[in-house]
Every structure is written in C-alpha cells, then in structure tokens.
Amino acid sequence: MFDDSYIELSKDALSNNLQFIQSLLPEGCKFSSVVKGNAYGHGVELFVPLAEECGIDHFAVFSADEAWDVHQMKEESSDLMVMGMIEGDALEWAVMNGVEVWIFEPHRLHEVVRITGKYKRTARIHLEIETGMHRNGLEEEAFDEVIDLLLKNARYIEVAGFCTHFAGAESISNHYRIEQQKLSYDRALRYFTAAGVQVERRHQACSAGVIRYPETCLDMARVGIMQYGFFPNREIRIQYTALNMDNMNPLSRIISWKSSVMAVKQVERGEFVGYGNSFQAGEAMVIATVPVGYWHGYSRSMSNLGKVLIRGHRAQVTGVVNMNMLSVDVTHIQNIQKGDEVVLIGNQDEEEITVGSFSDYSDQVNYELLTRLPGNIPRVLV
Ligand SMILES: *Cc1c(COP(=O)(O)O)cnc(C)c1O
C-alpha cells in the first residue's frame, strides 16, 4: 500500500530468454519452467501468467505450499509438478487437482496408490532416481517394490516422468560425478522399462545441464535461473561464450528493483555515518537515506560495498546496511532531492546495477539474492 520499494518485471526480457532457451532445446523437448522460491523472487503471481502468455505450459515447484499458490494463478491447461516436499492432506489435494508429484521413496507411492484407490482418480507421478546426488531419489533396493506397485496399479498411476537431478552441473569440477550419474540413470531406466513400466518423459537437465550437457535434455528440461535472465554461474557463461565465439549475452534480466531517496543530510569531515564507526567521512559529505535494508533482502554483507543509482550516477553504500534502511554517499550528485528514484538492481540512464555485482562484493549467489526478496514487495509489469 505505502511502498518503500517495488520490483519491475519486463515481459520483453522474459520473452527473449524463453526464446533463447527454446532454441537450445532439442526437438520435442518440453520446457518446464521452475518457479520455486516465489519464481526465484520474481513473484509467481505476476510471473506465471506472464510465462503462459509467452507459451509456457509446464511449471515446477519445490513444495505443496508453493504448488497451492501456483495452482491458483495458472491456466487449467498448464501442468504443475512438485519436486520436493508434499505429505498427508497435501498429497491428496495434489492427486485430486491433477498436480504431478515426484516419488523418491516407496512410502509416497504407497500413499498415492491409497488415494487413487479411494477416489478412483488417476495420479501423475515422476520417479526420481538416486544417481549420486544423495539428497532425494529412489534407491536401487526399492526398485522392485516400486515396479510392483506401478504394475499392479497401472490403471490409476501414470508415470509422467523418470528423472534425476545433477549434483552441480554448473561446475567442471563435478564432471566425473555427473557422468557417473548419467550412467546410473540409464541403468535404472533400462531396468524399469524392461520390467514393463511405461515412462512418458525422461528428464534430468537444469539450466547448467542445458548448456553443458545438452544430451541430457531428453524429453524435458527443468529450467529455473536462465529463464530469469542469468547464467547459473560465471563458468557456464564462459562456456557458452567460448562455444559460440560471441561475447553478446543472449539473456536479459527481467527484474529491476527500485526505491526512492527518503532524506538528505550534510555530514562534516571526521563524523561517522550510521551505527558504530565502520564509515567515517573523510571530507564534508552529503548522505542520502534509502528505505531498504536487510529485512527487504538487501544483504548486510553489502555494508560499505553496495552501489545504487541516483540521477544516473553510482552512489556507494556508506556504513552498515540497517534492518530497514541504508545510507549512500551522494556528495558528487547535483541537485539531489527527496523522492529521487533509487535503483538497487537495474538501469538508470547509461548506468546499470547487475544482480551479479552483489556476488562480486559478497558471497551471495544470484539464486540467493533473488529468492531473499520478500514476497510483499509489490511487483509491477513493464
Ligand atoms: C531448482 C531446480 C531446477 C532448476 O535449476 P536452475 O539451475 O535454476 O535451472 C531443476 N531441477 C530441480 C530438481 C531443482 O530443484
């Protein structure tokens, strides 16, 4: 209602990113748009319908809680898949609403079988195979039990997917491990198909997989970070650039984050700014306060390091980032006024603050920065 800051999403940027990613996917490979973590902080409410306008009709979330939200805003014809946490009543809700769920232990499959029997409804499941990530995934010992359940209940259970997740496809140091995971997945798939289990879609790849291991795209790719306009890390960006001999970034940032100057103050040489003494004015200075702090997702580790844009100039965070505000040095900016636009992420005139710059100053990766943007910051479409 009375907003301290707001987030803008660009439809053009999204449409550009989706087209780029589609161009990398092999013929017949489905694009599953990963919208966990409130669409990586972009806000599912705005993002999901926007993605649908751009042709997306399959979404992936982590939990039942997230699925509940996305289910409210997606088109009925779009599919939705829960890759992680879902138990009890939520599982029943999912089956009754056609929400697909990952099965990584026999227990959940027994539950799904019970629910489908009770309501005579068909459930769509994805079998997540343990291939070396050692997080979630069906262990080999459980294969026979799962196959038996599937064959006995084939009427009510559709195996929508056969999948696994790589343990860090974005880093070359994991290459051997990923290759082993691929082999292990293939073995498991042969085992299930030989036993008569019919699998609709095989899927493994996340964003990094699409770039580094294109052969793993198979029938579906689960793409998160790249659709929002970011390579998973610098290594993948470099790999893409090297392969394509072209230094143009094919991805565009969708998100911008903006606030405004709350107050302006003169500070004399030798005075300290903010809590404690981490910043001392080396000269007479002008300081502006901005009503954004770590509560809003602006990390405290950006104290004395972060940069914002005001009137087309960079202004440096001075002193520590507070819970609800931060101070910036605007000594060099002419005519600064209360109410001037402050760009925390995004462009202003010729200047830009990138999401990547946050990881240059702190060990926050883009995934973390984005998902820590609170859900209650208003999102607007541009
Ligand atoms: C988050 C996630 C993805 C998407 O990862 P990106 O690196 O954002 O593309 C894919 N699969 C699973 C299982 C995930 O948890």
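Ligands are counted one by one from 1 in listed order, and the atoms in each one are counted from 1 as well.
- At a 4.0 Å heavy-atom cut-off, the residues surrounding ligand 1 are V34, K36, Y40, M83, W102, H165, C206, S207, R222, V223, G224, I225, Y367, listed by chain and number.
- For H71, the ring-ring contact (aromatic ring centres under 6.0 Å, His included) partners are W93, not counting sequence neighbours.
- Under the side chain to side chain contact (heavy atoms under 4.5 Å, CB included) criterion, D219 pairs with R201, R202, not counting sequence neighbours.
- Of the options V101, V70, V48, V35, a side-chain contact (heavy atoms from CB on, under 4.5 Å) to L80 is made by V70 and by none of the others.
- By the 4.0 Å N-to-carboxylate-O rule, R379 lies too far from E45 to be salt-bridged with it.
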Would you be so kind as to tabulate the donor-acceptor pairs closer than 3.5 Å made by side chains of residues 146-168, with sequence neighbours excluded?
residue: D148; atom: OD1; partner: K152; partner atom: NZ; Å: 3.4
residue: D148; atom: OD2; partner: K152; partner atom: NZ; Å: 2.9
residue: N153; atom: ND2; partner: L149; partner atom: O; Å: 2.7
residue: E158; atom: OE1; partner: R124; partner atom: NH1; Å: 2.7
residue: T164; atom: OG1; partner: I129; partner atom: O; Å: 2.8
residue: T164; atom: OG1; partner: T131; partner atom: OG1; Å: 2.8
residue: H165; atom: ND1; partner: R222; partner atom: NH2; Å: 3.2

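- Exactly one residue among N17, T354, N347 makes a side chain to side chain donor-acceptor pair (under 3.5 Å) with R253. That residue is N347.
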